[in-house]
Number of protein chains: 2
Amino acid sequence: MLKITRKVEYALIALRHLQQNERGKLCSAKTLSTEYGIPKELLAKILQKLSKENIILSVKGPKGGYKISKDSNTINMTKFFEIMEGPMGIVDCYFDSNCEQLSGCTIREPINRINNSIRSMFDKMTLADITFK
Amino acid sequence: MLKITRKVEYALIALRHLQQNERGKLCSAKTLSTEYGIPKELLAKILQKLSKENIILSVKGPKGGYKISKDSNTINMTKFFEIMEGPMGIVDCYFDSNCEQLSGCTIREPINRINNSIRSMFDKMTLADITFK
DNA sequence: TATAATACGATGATTTTAGTCGTATATAAC
DNA sequence: GTTATATACGACTAAAATCATCGTATTATA
């Protein structure tokens with residue numbers, strides 16, 4: 001419980017690498033995959049998602065690959081997690097609420113408070129805090 | 001990702017009920033189960049665990065059941081989560097580390113910082129914050 | 001002695017997460 | 001223009017975690 005997924009982990013590893021890479025230099029999914037022992041196809045899809053969201057930039061063809069984009073610094077961790085995994089909340093009932101507590105949920109408020117605390121914590125944390133420091 | 005489990009959810013609902021119950025009055029697993037629409041056997045096991053950890057007190061036999069213990073106020077959420085689910089961390093490599101990053105994990109430190117932030121947040125939060133307020 | 005409760009381990013089902021495969025598209029180099 | 005190497009993307013399979021059930025033992029009340 002309260003875990004981040006491998007997808008997020010892999011994304012952070014890749015982003016850190018690209019972030020610290022020489023400016024403008026491209027790095028392919030294959031390179032990253034072999035360097036960090038991450039399944040290639042899986043990493044590829046992760047990089048594609050990051051690219052789609054303009055966190056990284058992609059170049060196709062031989063000698064192609066990815067590099068970090070300027071946007072990456074401005075993104076906070078809440079947004080990053082939601083890009084990678086969809087809506088973030090410690091319980092599901094915030095998004096797809098088909099929860100059927102017979103007599104009304106008694107822990108909604110306290111759960112809400114926990115949730116807000118976590119979100120506000122990640123709001124204040126930028127992607128660069130993870131990929132640089 | 002970053003979700004609490006149903007087990008924890010059910011525990012909190014049950015604890016809140018017991019907390020707000022008349023002092024000394026017992027409440028059975030069956031009662032709680034039907035009142036909140038929680039699978040009986042599952043809830044039973046959760047209550048047994050809480051009892052084993054002295055968060056609640058159990059009485060066997062007909063007219064038996066559970067009631068809140070005094071200890072429950074002194075427990076923080078980090079401890080509570082760990083009682084319910086074992087070691088708490090946003091990644092596994094803190095406990096059973098058989099992680100095989102070929103060239104050393106590059107995100108260990110930042111992940112650590114996130115982890116500490118979450119833990120310290122839950123350290124400051126008591127079970128009573130959830131079951132009372 | 002029958003009944004209603006907790007105690008607990010084993011097993012099965014479901015859901016989520018992780019990983020793979022196949023195919024299309026773009027582009028550099030020859 | 002053909003080949004090789006890269007990204008793009010959707011469908012599928014595998015593995016793991018979570019959720020739930022079952023069976024049986026124990027305890028204590030009436």
Side-chain angles (χ1 to χ4, degrees), chain A residues 1-11 13-14 18 25-34 36-54 56-67 81 84-92 95-96 98-100, chain B residues 1-11 13-14 18 25-34 36-54 56-67 81 84-92 95-96 98-100:
Chain A
M1 69 171 267
L2 292 171
K3 285 202 170 30
I4 61 173
T5 62
R6 280 260 215 302
K7 235 154 94 183
V8 165
E9 232 180 289
Y10 294 159
I13 291 173
L18 295 177
K25 201 177 170 191
L26 294 173
C27 186
S28 74
K30 193 180 177 186
T31 304
L32 288 168
S33 153
T34 56
Y36 298 103
I38 300 171
K40 191 192 157 203
E41 301 304 325
L42 184 52
L43 180 60
K45 280 207 289 193
I46 292 166
L47 293 168
Q48 282 156 31
K49 187 174 282 180
L50 292 172
S51 164
K52 216 173 179 178
E53 300 285 342
N54 298 314
I56 61 181
L57 302 174
S58 75
V59 176
K60 285 188 179 180
K63 307 268 177 180
Y66 300 92
K67 61 180 173 181
F81 286 147
M84 297 306 297
E85 302 284 351
M88 188 183 90
I90 59 168
V91 289
D92 283 331
F95 348 117
D96 68 339
N98 52 351
C99 167
E100 357 130 315
Chain B
M1 72 170 265
L2 292 170
K3 285 203 169 30
I4 61 171
T5 61
R6 279 260 216 300
K7 235 153 94 183
V8 164
E9 231 181 290
Y10 293 160
I13 291 173
L18 296 176
K25 202 179 169 189
L26 293 173
C27 185
S28 75
K30 193 180 177 183
T31 303
L32 289 167
S33 154
T34 56
Y36 296 103
I38 299 172
K40 192 190 155 202
E41 301 303 327
L42 184 52
L43 180 60
K45 280 209 286 190
I46 291 165
L47 293 168
Q48 281 156 31
K49 187 174 284 181
L50 293 172
S51 163
K52 216 172 179 181
E53 300 284 342
N54 299 314
I56 60 180
L57 302 175
S58 75
V59 176
K60 284 186 180 181
K63 306 268 175 183
Y66 300 92
K67 62 180 173 180
F81 287 146
M84 296 306 297
E85 302 284 352
M88 188 182 92
I90 60 167
V91 289
D92 283 332
F95 347 120
D96 67 342
N98 51 351
C99 168
E100 357 132 314

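Lettering follows sequence order; numbering is per chain, from 1.
One can place CG of B:Leu42 at 6 Å from C1' of D:dA20, the figure rounded to the nearest angstrom. Rounding to whole angstrom units, OH of residue B:Tyr66 and C1' of D:dA28 are separated by 14 Å. Rounded to whole angstrom, the span from the CG atom of B:Leu26 across to the P atom of C:dA4 amounts to 17 Å. Separating the CG atom of B:Leu43 from the C1' atom of D:dC19 is a distance of 13 Å, rounded to the nearest angstrom. Spacing between atom CD1 of A:Ile46 and atom P of C:dA18 amounts to 9 Å, rounded to whole angstrom units. As rounded to whole Å, 13 Å separates atom P of D:dT18 from atom CG of B:Leu2. Distance B:Arg6 CZ to D:dA17 P: 18 Å, rounded to the nearest Å. The distance between atom CD of B:Gln48 and atom C1' of D:dT24, rounded to the nearest whole Å, is 13 Å.
Using a distance-only test at 3.5 Å, with no hydrogens or angles considered, no donor-acceptor pair links the side chain of B:Ser51 to the main chain of B:Leu57.
Taking only side-chain atoms of A:Glu41, from C-beta outward, the nucleotide of D:dA20, C:dC21, C:dT6 with the closest atom is C:dC21. Here D:dA6 is the nucleotide among D:dC19, D:dA6, C:dA18 with the atom lying nearest to any side-chain atom of A:Lys30. Listed nucleotides C:dC8, D:dA20, D:dA28 differ in distance to B:Tyr10; the shortest reach to its side chain belongs to D:dA20. With distances taken from any side-chain atom of A:Pro62 to the nucleotides C:dT27, C:dC21, C:dT6, the minimum falls on C:dT27.
Along DNA chain D, the nucleotide nearest A:Met1 and the nucleotide nearest A:Gly65 are compared for position; the residue whose nucleotide lies closer to the 5' end is A:Gly65. Both A:Lys63 and B:Cys27 lie close to DNA chain C; mapped to their nearest nucleotides by heavy-atom distance, the more 5′-ward contact belongs to B:Cys27.
Looking at heavy atoms from C-beta onward, B:Met1 lies out of side-chain contact with B:Ile90 at the 4.5 angstrom threshold.
B:Ala29 comes within 4.0 angstrom of sugar-phosphate atoms only, judged by non-hydrogen atoms across all strands, and of no base.
The line from NZ of B:Lys45 to NZ of B:Lys40 is 13.5 Å long, rounded to the nearest 0.5 Å. Atom CG of A:Leu43 is separated from atom CZ of A:Arg6 by 13.5 Å, given to the nearest 0.5 angstrom.
Judged by atom type and distance alone, B:Lys45 reaches the base of D:dT21 through a side-chain donor-acceptor pair under 3.5 Å.
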Stepwise side-chain contact (heavy atoms from CB on, under 4.5 Å) check, A:Leu47 with A:Ile56: CA-CA 8 Å; A:Leu47 293 168; A:Ile56 61 181; 3.8 Å; yes
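Taking 4.0 angstrom as the limit, A:Ser58 places a side-chain polar atom (N or O) nearer than this to OP1 or OP2 of D:dA8.
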